[in-house]
Amino acid sequence: MVNTRSSGAAPTTDDSDVTKRNGIKEPGVVAGKETNDGSATKTSTDGTNEEYEFGGPIGVTAMMTGFPMLMYYLWICSTYYGGHFTYPQNGETIKMFLDRMVGHFYEGAFPHLKAWLIVWGFLFFEAVLYVTLPGCSTQGLALPHLNNKRLPYYCNAVWSFYTTIATVAFLHISGIFPITTLIDEFGSIMSVSIISGVILPFVLYFIAYFTNSQYRMSGNFIYDVFMGAILNPRIGILDLKMFYEVRLPWFILFLLSVSTGVRQYENYGYVSPQVWFVILAHWLYANACSKGEELIVTTWDMFYEKFGFMLLFWNMAGVPFTYCHCTLYLANHDPKEYQWSVYYNVAIYFMLLGSYYVFDTTNSQKNRFRQQMYGTLIERKTFPQLPWQTIKNPTYIKCKNGGTLLTSGWYRYARKIHYTVDFCQSLSWALITGFNSPLPYFYPTFFFCVLAHRAHRDIGRCKIKYGDDWKEYERICPYLLIPFVF
């Protein structure tokens with residue numbers, strides 16, 4: 001299984017041929033000119049010609065300033081306005097409105113010392129687990145700028161996950177650190193994560209500059225900070241991209257939901273089916289990322305995307321503190337406000353579990369197929385090992401460029417079926433809260449836009465990369481997202 005929430009990999013391709021992409025001049029990508037569709041282009045400092053993504057420097061600047069402000073606004077709406085959007089009131093000027101927002105920040109989200117110790121203590125603890133607990137080793141894709149060297153990856157996230165749970169349980173039971181602190185101090189912890197997520201990409205940029213480890217730079221400072229300057233930042237065996245993508249966002253998200261469950265039990269004497277749902281949902285996702293960590297090393301994020309604001313900020317702050325609005329809604333409301341019928345609850349639980357099964361097995365099939373092609377498949381017994389995670393004798397197209405396109409398993413029925421079920425999971429997280437607040441629906445709405453952009457980008461790249469073989473692939477596997485429909 002691999003996390004498509006943070007992975008941009010083309011789902012059914014064998015990315016061994018992606019290593020050739022740095023030498024490909026894609027149509028219309030010429031320095032100083034426009035592409036065929038009129039979009040802006042750049043020439044990297046290493047001579048690689050590519051299109052600007054995300055609207056270029058202006059677009060990424062807007063995202064780097066807009067995302068933190070959006071996160072604060074959503075948190076304020078959830079915490080102080082019952083989960084509803086707040087606007088300037090009658091007679092309230094924009095300045096007065098902004099002063100009101102700043103007042104909420106100082107009241108509930110000021111980054112005090114305790115929050116800094118929590119966030120960076122957790123980071124340090126997880127880093128120690130990364131380098132000390134048992135695990136398995138595997139290799140990533142061949143990297144062109146390292147003469148096709150394959151970097152080793154040490155994978156022990158599943159051990160880290162359950163060691164973290166055991167440690168948090170001990171700290172809570174002993175009274176040293178009540179887990180309810182996470183939900184009680186949510187705003188301040190979020191602030192520390194936001195500040196850290198904004199500063200660290202600049203730090204990494206200057207480290208890359210002074211150590212001459214920059215790679216595929218555009219020459220535009222802010223764009224390169226956003227996209228990243230370092231491809232494979234490491235401290236010993238600790239790979240920072242893998243560390244941030246697998247452990248931090250999903251572990252924090254799960255612990256926030258557990259914190260909500262414990263707080264609800266303390267206040268009401270029971271945990272509602274809705275809170276149990278988000279605990280289950282976030283455990284499934286964190287556990288899936290952990291148990292299949294070795295499959296992530298061949299994804300697009302690990303192979304191609306550099307470690308800048310886009311990956312660092314979103315995994316350190318964006319994912320855990322915006323994907324959790326289903327949890328925040330449940331935490332901020334009396335359970336009597338979301339007592340749904342047994343039939344509704346059961347239906348949403350089935351939606352989650354059914355989507356998860358397909359999500360887990362599709363991603364497992366895709367990435368184990370890659371490892372089968374490389375001869376690096378690792379058979380692990382991490383829980384749960386679901387039926388049909390590995391395709392025996394998979395069928396595929398052997399492409400003219402040396403790559404492969406998987407045509408069996410779930411991908412026989414839809415080329416991006418893992419996107420569909422991943423979205424269904426995200427939607428179930430919102431549906432369990434009901435329809436009294438729009439905030440839990442921010443995540444599935446945002447995620448839908450991300451997946452649509454990613455699918456469009458991946459298809460465009462694959463058409464260029466595979467040519468006529470891609471047309472044959474679309475003929476054999478004609479459906480994109482929904483089998484027999486679309």
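These figures come from a predicted structure and were not determined experimentally.
Residues satisfying the salt bridge (charged side-chain N to carboxylate O under 4.0 Å, His left out) criterion with Lys95, sequence neighbours excluded, are Asp99. For Phe442, the ring-ring contact (aromatic ring centres under 6.0 Å, His included) criterion is met by Phe446, not counting sequence neighbours. Residues that satisfy the side chain to side chain contact (heavy atoms under 4.5 Å, CB included) test with Tyr343, not counting sequence neighbours, are Ser341. Partners of Tyr338 according to the ring-ring contact (aromatic ring centres under 6.0 Å, His included) rule, which considers only residues two or more places apart in sequence or in another chain, do not exist here. Legend: residues meeting salt bridge (charged side-chain N to carboxylate O under 4.0 Å, His left out) with Asp334, ordered by chain and number and at least two apart, are absent. Not counting sequence neighbours, Glu107 has no partner by the salt bridge (charged side-chain N to carboxylate O under 4.0 Å, His left out) test. With sequence neighbours left out, Glu92 forms a salt bridge (charged side-chain N to carboxylate O under 4.0 Å, His left out) with Arg100. With sequence neighbours left out, the side chain to side chain contact (heavy atoms under 4.5 Å, CB included) criterion links Val297 to Thr138, Tyr153, Met242. Applying the ring-ring contact (aromatic ring centres under 6.0 Å, His included) test to Phe309 and every residue at least two apart in sequence or in another chain returns Phe226, Phe313. For the ring-ring contact (aromatic ring centres under 6.0 Å, His included) test, residues two or more places apart in sequence or in another chain that qualify with His104 are Tyr80, Tyr81. In this structure, Thr322 has no side-chain hydrogen bond (donor to acceptor under 3.5 Å, both in side chains) partners at least two apart in sequence or on a different chain.
When all heavy atoms of Ser259 and Ile183 are compared, the pair lying nearest together is OG-N, 3.2 Å.
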Please determine whether side-chain contact (heavy atoms from CB on, under 4.5 Å) holds for the pair Tyr73 and Phe85, giving the CA-CA distance in whole Å, both sets of side-chain angles, and the decisive distance to 0.1 Å. CA-CA 9 Å; Tyr73 175 74; Phe85 296 128; 3.5 Å; yes

Let's go through Ser188 and Lys114 carefully: what are the C-alpha distance in whole Å and the side-chain angles of both, what is the deciding distance for side-chain contact (heavy atoms from CB on, under 4.5 Å) to 0.1 Å, and is it a yes or a no? CA-CA 9 Å; Ser188 297; Lys114 182 179 178 181; over 6 Å; no

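Between Trp410 and the choices Asn363, Thr361, Thr362, the side chain to side chain donor-acceptor pair (under 3.5 Å) rule is met once, by Thr361.
Applying the salt bridge (charged side-chain N to carboxylate O under 4.0 Å, His left out) test to every pair with at least one member in residues 249-278, sequence neighbours left out, gives these pairs: Asp184-Arg263, Arg263-Glu266.
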